[in-house]
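To start, the structure itself, in structure tokens.
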Amino acid sequence: MAKIAFILLCHKDPDAIIKQAQSLTAVGDYISIHFDARAKPEAYRKIRNALDDNPNVTFAHKRIKCGWGEWSLVEATIYAVQSAVEAFPRATHFYMLSGDCMAIKSAEYAHEFLDRRDCDYVESFDYFQSDWIKTGWKEERLIYRHWFNERTQKRRFYAMFEIQKRLGLTREIPQDIEVMIGSQWWCLRRRTIEWILDFIKQRRDVMRFFATTWIPDETFFQTLVRHLVPEHEIQSRTLTFLMFTDYGLPVTFYNDHYDLLLSQDFLFARKISPEAADLKRRLGVLYASDGTKFQISNEGRSLYKFLSTKGRIGRRFAPRFWEKESSLGRERELLIVVCKKWHVAKRLVDRIRTMTNIPCIEYLFNEESCFLPDLGGIQSTMGKRHRHRRALMRMLFDYYDTDRLVVCMDPANLDLLEDFGNDRSLTRILEIECQFSDDYLIGHAMRVGLAGDRTPYETLMRLLPTVRNDMVHESDRIRDADFDNHLHMREIDGVEINARAVSQFLTVPEEKAREIVALDHLFAD
């Protein structure tokens, strides 16, 4: 059975470190602690006094001062690993942690999870081919030497970089290694750790190379594992659940995140807020529990992305510079059907297409597969359609040789509605307001990635109010925009009322509009 030696890098909050070590070792696991040498001596003494008598706790044989982005973080990890290998001969796995991490599964579950497959868990992506680095330096991290801390010695850091760049003082990457990149929060088998320690002794050239790279904790272990371990024995993922904001800052978890954390397919989570006392207490009890069952749904990241994106939605008031002279034409009419239930809008526009001579196009800004004629490539990707929206629409008017065009849009496309609504052409909007059953909302949550086939029913029920409120919010935003010629069709209204709205929308007689909306299955799911 797996026995874990936790490698803990920490620098503050000695009371929390003591509790963390006591919790993790109470079930028979081990921990090796490196407490930053920059911290106050009395804090370190407090930790030693509390844990020295615990046979399942050891300390890094050497303490050093650590700095973000420096080699010192890797060096401190190596010291803690070396001490753990020597002190805990029965440890089968070595798991990297920080003081902000806590278990979100029981020890029983974690041990069974690690026993299930003989492999190493470490994010390990090709440094140059992957998109793991989103912005900023990439090659520069490796081919130039970095001796100073970018945060505390900024002027020296960038001065040395500029000197090397100006003089062309680049260096080669060791030829027999392929640099990889990933999260520093790994879980490696004992055999892999021993191979790494042997490699460190033998390959001083590689050590010198990484010692002057920038942010080596994201590349050192990730590269060595790929170099030493067969590919089929590596799972390129972390077992620690963590998320980042768009600004590159880690998302912090609080007391009300308990249920969300337990449902993620990870063993630990980072970062837990220092103020989340109740969350820490419950997770501490959880790790020592027996027989606890976990329903894994793994929707945490998609839910965070969904909610945080909605919170940042704004309006664009000024036209883009390339759109200033790109009006659709004062004599043209753009008729926009807005509906969250795409199949309802498609049924309506199919009926309009059949019963009038108005060309109709479905969700061209939402569905890549929407049929569009060849317009010289401007229609080929969703990105191009959005970037050149007015040019695309003008070309469609020209292609169909018409002054009237019906298109479908999702209520989330407020920027498109505002853009076209401000055009010199006549724009009418027909918003179809539907009723949303729980089954429909569950299906929508799955389509947008908030849930999956494995999401438990209880989790889905907790998501439904969020999804429903989001749809109401989208409709409210459209109403708040106060568009001219904004008409409504409602599922709860009868044919007569809806026919009047369609009549005004299409400027057709009410009798014709009544034929268009008189579909028994128009609103059916």
Side-chain angles (χ1 to χ4, degrees), residues 315 327-366 370 389-390 392-394 396-397 400-436 471-524:
R315 298 184 182 180
S327 170
L328 304 185
R330 194 182 299 275
E331 73 286 355
R332 286 172 167 167
E333 295 181 27
L334 180 62
L335 310 176
I336 305 175
V337 177
V338 177
C339 186
K340 198 65 183 181
K341 287 188 176 180
W342 293 3
H343 61 279
V344 173
K346 289 178 180 180
R347 287 171 189 161
L348 180 66
V349 298
D350 184 61
R351 190 79 167 166
I352 293 171
R353 186 186 295 116
T354 302
M355 303 192 66
T356 71
N357 62 352
I358 307 173
C360 299
I361 301 170
E362 297 176 354
Y363 286 86
L364 73 164
F365 293 107
N366 301 97
C370 170
R389 56 186 69 168
R390 291 197 185 186
L392 172 66
M393 208 63 74
R394 280 202 319 276
L396 287 170
F397 275 106
Y400 288 106
D401 192 19
T402 182
D403 288 332
R404 309 184 78 207
L405 187 66
V406 175
V407 298
C408 297
M409 291 188 192
D410 190 273
N413 298 139
L414 181 61
D415 62 328
L416 295 173
L417 296 175
E418 289 182 323
D419 198 356
F420 291 124
N422 290 328
D423 190 76
R424 288 198 293 269
S425 63
L426 175 62
T427 302
R428 293 196 190 94
I429 296 172
L430 177 65
E431 185 179 357
I432 305 177
E433 300 178 15
C434 299
Q435 302 297 109
F436 301 110
M471 292 183 177
V472 172
H473 176 64
E474 288 178 347
S475 182
D476 286 343
R477 290 171 62 231
I478 293 174
R479 192 165 301 175
D480 291 342
D482 196 24
F483 291 111
D484 294 333
N485 306 308
H486 183 189
L487 304 162
H488 293 267
M489 260 185 80
R490 299 177 177 87
E491 183 175 354
I492 60 174
D493 291 337
V495 170
E496 292 298 325
I497 296 175
N498 286 333
R500 285 199 290 273
V502 172
S503 172
Q504 295 177 59
F505 178 64
L506 299 174
T507 60
V508 298
E510 282 195 25
E511 185 177 343
K512 174 70 73 173
R514 196 176 299 112
E515 291 182 62
I516 291 172
V517 300
L519 279 174
D520 292 337
H521 63 287
L522 177 61
F523 292 100

So, do [X] and [Y] sit near enough that their side-chain heavy atoms are less than 4.5 Å apart?
X: Phe365; Y: Leu392; answer: yes
X: Ile352; Y: Leu348; answer: yes
X: Lys341; Y: Phe436; answer: yes

So how far is it from [X] [atom1] to [Y] [atom2], rounded to the nearest 0.5 Å?
X: Phe397; Y: Glu331; atom1: CZ; atom2: CD; value: 9.0 Å
X: Leu405; Y: Leu335; atom1: CG; atom2: CG; value: 7.5 Å
X: Glu362; Y: Met409; atom1: CD; atom2: CE; value: 13.5 Å
X: Leu417; Y: Ile429; atom1: CG; atom2: CD1; value: 5.0 Å
X: Leu506; Y: Ile516; atom1: CG; atom2: CD1; value: 5.5 Å
X: Leu416; Y: Arg390; atom1: CG; atom2: CZ; value: 11.0 Å

Of all heavy-atom pairs between [X] and [Y], which one has the smallest distance, and what is that distance?
X: Ala501; Y: Leu430; answer: CB-CD1, 4.2 Å
X: Pro509; Y: Ser503; answer: C-OG, 3.9 Å
X: Val406; Y: Val337; answer: CG1-CG2, 4.0 Å
X: Ile361; Y: Leu364; answer: CG2-CB, 4.0 Å
X: Glu418; Y: Ala481; answer: OE2-CB, 4.5 Å
X: Gln435; Y: Glu491; answer: N-OE1, 2.7 Å

*Which residues share a salt bridge (charged side-chain N to carboxylate O under 4.0 Å, His left out) with Arg490, sequence neighbours left out*: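 If we apply the salt bridge (charged side-chain N to carboxylate O under 4.0 Å, His left out) test to Arg490, skipping adjacent residues, the hits are Glu433, Asp493.
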_Please enumerate all residues that pass salt bridge (charged side-chain N to carboxylate O under 4.0 Å, His left out) together with Glu333, with sequence neighbours excluded._
Arg404, Arg428
*Charged N to carboxylate O under 4.0 angstrom, Arg500 versus Glu510?*
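So Arg500 does not pair with Glu510 through a salt bridge.
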*Pair Arg353 + Asp350: basic N to acidic O under 4.0 Å*: yes
*Pick one: which of Val517, Leu487, Val495 meets side-chain contact (heavy atoms from CB on, under 4.5 Å) with Val502?*
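Answer after filtering Val517, Leu487, Val495: Val517.
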*Stepwise side chain to side chain contact (heavy atoms under 4.5 Å, CB included) test for Tyr400 and Cys360*: CA-CA 10 Å; Tyr400 288 106; Cys360 299; over 6 Å; no
_Pairing residues for Ser475 by the side chain to side chain donor-acceptor pair (under 3.5 Å) criterion, not counting sequence neighbours_ =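 In terms of side chain to side chain donor-acceptor pair (under 3.5 Å), with neighbours along the sequence ignored, Ser475 is linked to Glu431.
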_side chain to side chain donor-acceptor pair (under 3.5 Å) involving Asp410 - partner list, sequence neighbours excluded_ = Lys340, Trp342
*Could you walk me through whether Met393 and Asp419 pass the side chain to side chain contact (heavy atoms under 4.5 Å, CB included) check?*
CA-CA 12 Å; Met393 208 63 74; Asp419 198 356; over 6 Å; no
*Return the set of residues passing ring-ring contact (aromatic ring centres under 6.0 Å, His included) with Phe420 (not counting sequence neighbours), or none when no residue passes.*
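In terms of ring-ring contact (aromatic ring centres under 6.0 Å, His included), with neighbours along the sequence ignored, Phe420 is linked to no residue.
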_Per the ring-ring contact (aromatic ring centres under 6.0 Å, His included) rule, what does the pair list look like for residues 487-513, sequence neighbours excluded?_
His486-His488
*Arg347 side chain to Leu522 main-chain N or O, any donor-acceptor pair under 3.5 Å?*
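Checked: pair present.
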*May I have the step-by-step check of side chain to side chain contact (heavy atoms under 4.5 Å, CB included) for Asn413 and Arg389, ending in yes or no?*
CA-CA 12 Å; Asn413 298 139; Arg389 56 186 69 168; over 6 Å; no
_Let's go through Thr402 and Ile358 carefully: what are the C-alpha distance in whole Å and the side-chain angles of both, what is the deciding distance for side chain to side chain contact (heavy atoms under 4.5 Å, CB included) to 0.1 Å, and is it a yes or a no?_
CA-CA 8 Å; Thr402 182; Ile358 307 173; 5.7 Å; no
